[in-house]
Amino acid sequence: LPGWRKYNLTYRIINYTPDMARAAVDEAIQEGLEVWSKVTPLKFTKISKGIADIMIAFRTRVHGRCPRYFDGPLGVLGHAFPPGPGLGGDTHFDEDENWTKDGAGFNLFLVAAHEFGHALGLSHSNDQTALMFPNYVSLDPRKYPLSQDDISGIQSIYG
Ligand SMILES: CC(C)C[C@H](C(=O)NO)C(=O)N[C@@H](CC(N)=O)C(=O)NCc1cccc(N)c1
Ligand SMILES: [Ca+2]
Ligand SMILES: [Zn+2]
């Protein structure tokens, strides 16, 4: 089965990027999850210690026991593991990027929303308008980032 077998998921922000205010990071993460909870029965609860389903961290290069590595500035911006125990659902952002709330650099909310798509079981889409399209397209973050393709995809897993 490609998705989580429960609707109530926990997440924990392990560390914070120095690029943004902590409150802005909390908000970008929460909104990145809300994009998906708005169109599914999924609920996300933030915890501040212990093991969450979705462990979120800012990392560089080779990090911890993660089998995937980051590549310095630009290129890969983040990665997330599909639903499952342990590493499953965990989401990492490349700290060598310039993370922002608005303006230059990469919009954390947009990248987070994309990564959480993976953490919930979605793979990349070849629909150019989809949030799950492989390449970052700087959208207006105030504009709703999901395309019909994204919505059909997530609702086929969590109908
Ligand atoms: C092979 C993967 C590890 C690439 C990685 C990715 O897709 N992570 O989910 C990634 O960071 N892709 C870049 C594009 C690239 N340089 O390959 C990206 O912008 N992904 C995040 C993103 C954010 C917002 C929207 C979209 N469409 C994509
Ligand atoms: Ca990078
Ligand atoms: Zn991706």
Side-chain angles (χ1 to χ4, degrees), residues 2-4 9 11-20 24-40 42 44 52-158:
W4 295 94
L9 296 169
Y11 71 99
R12 179 178 163 197
I13 302 173
I14 301 291
N15 67 342
Y16 285 80
T17 173
D19 303 346
M20 294 164 66
V25 173
D26 286 341
E27 188 183 340
I29 295 299
Q30 184 188 324
E31 286 173 1
L33 290 165
E34 268 167 18
V35 157
W36 301 106
S37 56
K38 274 189 192 129
V39 292
T40 61
L42 291 166
F44 299 103
D53 296 307
I54 300 176
M55 300 285 266
I56 297 162
F58 292 84
R59 300 281 188 239
T60 58
R61 304 290 182 180
V62 176
H63 46 278
R65 299 153 52 88
C66 183
R68 288 157 72 170
Y69 311 148
F70 284 135
D71 55 355
L74 303 181
V76 174
L77 308 180
H79 52 230
F81 295 89
L87 207 52
D90 292 1
T91 302
H92 300 156
F93 298 100
D94 189 348
E95 184 49 74
D96 280 330
E97 312 306 340
N98 174 23
W99 296 107
T100 61
K101 181 173 166 25
D102 40 33
F106 291 101
N107 183 279
L108 180 60
F109 157 67
L110 269 186
V111 179
H114 173 93
E115 297 308 336
F116 293 142
H118 291 309
L120 296 174
L122 291 181
S123 46
H124 283 151
S125 162
N126 51 26
D127 177 334
Q128 307 251 345
T129 67
L131 177 62
M132 295 314 293
F133 187 68
N135 286 309
Y136 177 87
V137 174
S138 154
L139 289 171
D140 172 350
R142 287 182 301 281
K143 219 172 73 57
Y144 194 60
L146 289 197
S147 71
Q148 190 47 52
D149 182 78
D150 300 305
I151 294 171
S152 316
I154 201 73
Q155 289 186 342
S156 69
I157 303 175
Y158 307 96

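Indexing begins at 1, ligand by ligand and atom by atom, following the structure's order. Positions are given from 1 along the sequence.
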Protein contact for atom 1 (C) of ligand 1 (heavy atom, distance under 4.0 Å): no

Distance (rounded to the nearest 0.5 Å) between D26 CG and I13 CD1: 4.5 Å

Distance from M132 atom CE to S147 atom OG, nearest 0.5 Å? 10.0 Å

Out of curiosity, H124 NE2 to H118 NE2, how far, rounded to the nearest 0.5 Å? 3.0 Å

Distance-only, no hydrogens or angles: does the H63 side chain make a donor-acceptor pair with backbone N or O of R61 under 3.5 Å? yes

Using modelled atom types and a 3.5 Å cut-off, is there a donor and acceptor pairing between side-chain atoms of D90 and backbone atoms of F81? no

Atoms in ligand 1 flagged as close to G78, the criterion being non-hydrogen separation under 4.0 Å: 5 (C), 6 (C), 8 (N), 9 (O), 10 (C), 11 (O)

Is it true that a side-chain atom of E97 and a backbone atom of G105 form a donor plus acceptor pair closer than 3.5 Å? no

Honestly, for L110 the part within reach of ligand 1 (heavy atoms, under 4.0 Å) is backbone

Is any N or O atom of V111, backbone or side chain, closer than 3.5 Å to an N or O atom of ligand 1? no

Does an N or O from R68, backbone or side chain, lie closer than 3.5 Å to an N or O of ligand 1? no

Using a strict cut-off of 4.0 Å, indicate which atoms of ligand 1 neighbour a heavy atom of H118. 9 (O)

List every atom of ligand 1 that sits less than 4.0 Å from any heavy atom of H124, numbering the atoms from 1 in the order shown and giving each element. 7 (O)

Carefully, step by step, assess S125 and D127 under the rule side-chain hydrogen bond (donor to acceptor under 3.5 Å, both in side chains). CA-CA 5 Å; S125 162; D127 177 334; 5.1 Å; no

Counting only heavy atoms closer than 4.0 Å, does ligand 1 sit against the backbone of M132, its side chain, both, or neither? neither

Look only at the side chain of Y136 and the backbone of N107, and say whether a donor-acceptor pair between them is shorter than 3.5 Å. yes

Taking the N/O/S atoms of H118 one by one, which is nearest to the Zn ion (ligand 3)? NE2

Distance check, rounded to the nearest 0.5 Å: F109 atom CZ versus D102 atom CG? 12.5 Å

Looking only at distances, can you tell me whether any N or O atom of E115, backbone or side chain, sits closer than 3.5 Å to an N or O atom of ligand 1? yes

Got the closest protein heavy atom to atom 22 (C) of ligand 1, with its distance? H114 CG, 3.5 Å

May I ask which of D94, N135, D150 has a heavy atom nearer to atom 17 (O) of ligand 1 than the others do? N135

Could you please tell me which protein N, O or S atoms lie under 3.0 Å from the Ca ion (ligand 2)? D71 OD1, G72 O, L74 O, V76 O, D94 OD2, E97 OE2

Determine whether a donor-acceptor pair (N or O, by modelled atom type, separation under 3.5 Å) exists between the side chain of W4 and the backbone of A119. yes

Distance from E27 atom CD to I29 atom CD1, nearest 0.5 Å? 11.0 Å

Report, rounded to 10°, the angle at the Zn ion (ligand 3) between the two atoms NE2 (H114) and NE2 (H124). 100°

To the nearest 0.5 Å, what is the distance between CG on L77 and NE2 on H79? 11.5 Å

Would H79 count as a contact for the Zn ion (ligand 3), in the sense that one of its N, O or S atoms lies under 2.8 Å from it? no

For T40 against W36, the heavy-atom pair lying closest together: OG1-O, 2.8 Å

Below 3.5 Å, N or O to N or O, backbone or side chain included: is there any such pair between L77 and ligand 1? yes

Closest to atom 16 (N) of ligand 1 (judged by heavy-atom distance), picking from G75, A112, A80, G32: G75

Go through ligand 1 atom by atom and flag the ones less than 4.0 Å from a non-hydrogen atom of F133. 26 (C), 27 (N), 28 (C)

Mark yes or no for whether D19, through its side chain, and T100, through its backbone, hold a donor-acceptor pair below 3.5 Å. no

Under a 3.5 Å distance rule, please check whether D71 uses its side chain to pair with a backbone N or O of V76 as donor and acceptor. yes

Provide the number and element of each atom of ligand 1 under 4.0 Å from a heavy atom of V76. 11 (O)

Atom 25 (C) of ligand 1: nearest protein contact (heavy atom, Å): L131 O, 3.7 Å

Kindly say whether F70 contributes a backbone atom to a donor-acceptor pair with the side chain of D94 at under 3.5 angstrom? no

Is it the side chain, the backbone, both or neither of P134 that has a heavy atom closer than 4.0 Å to ligand 1? backbone

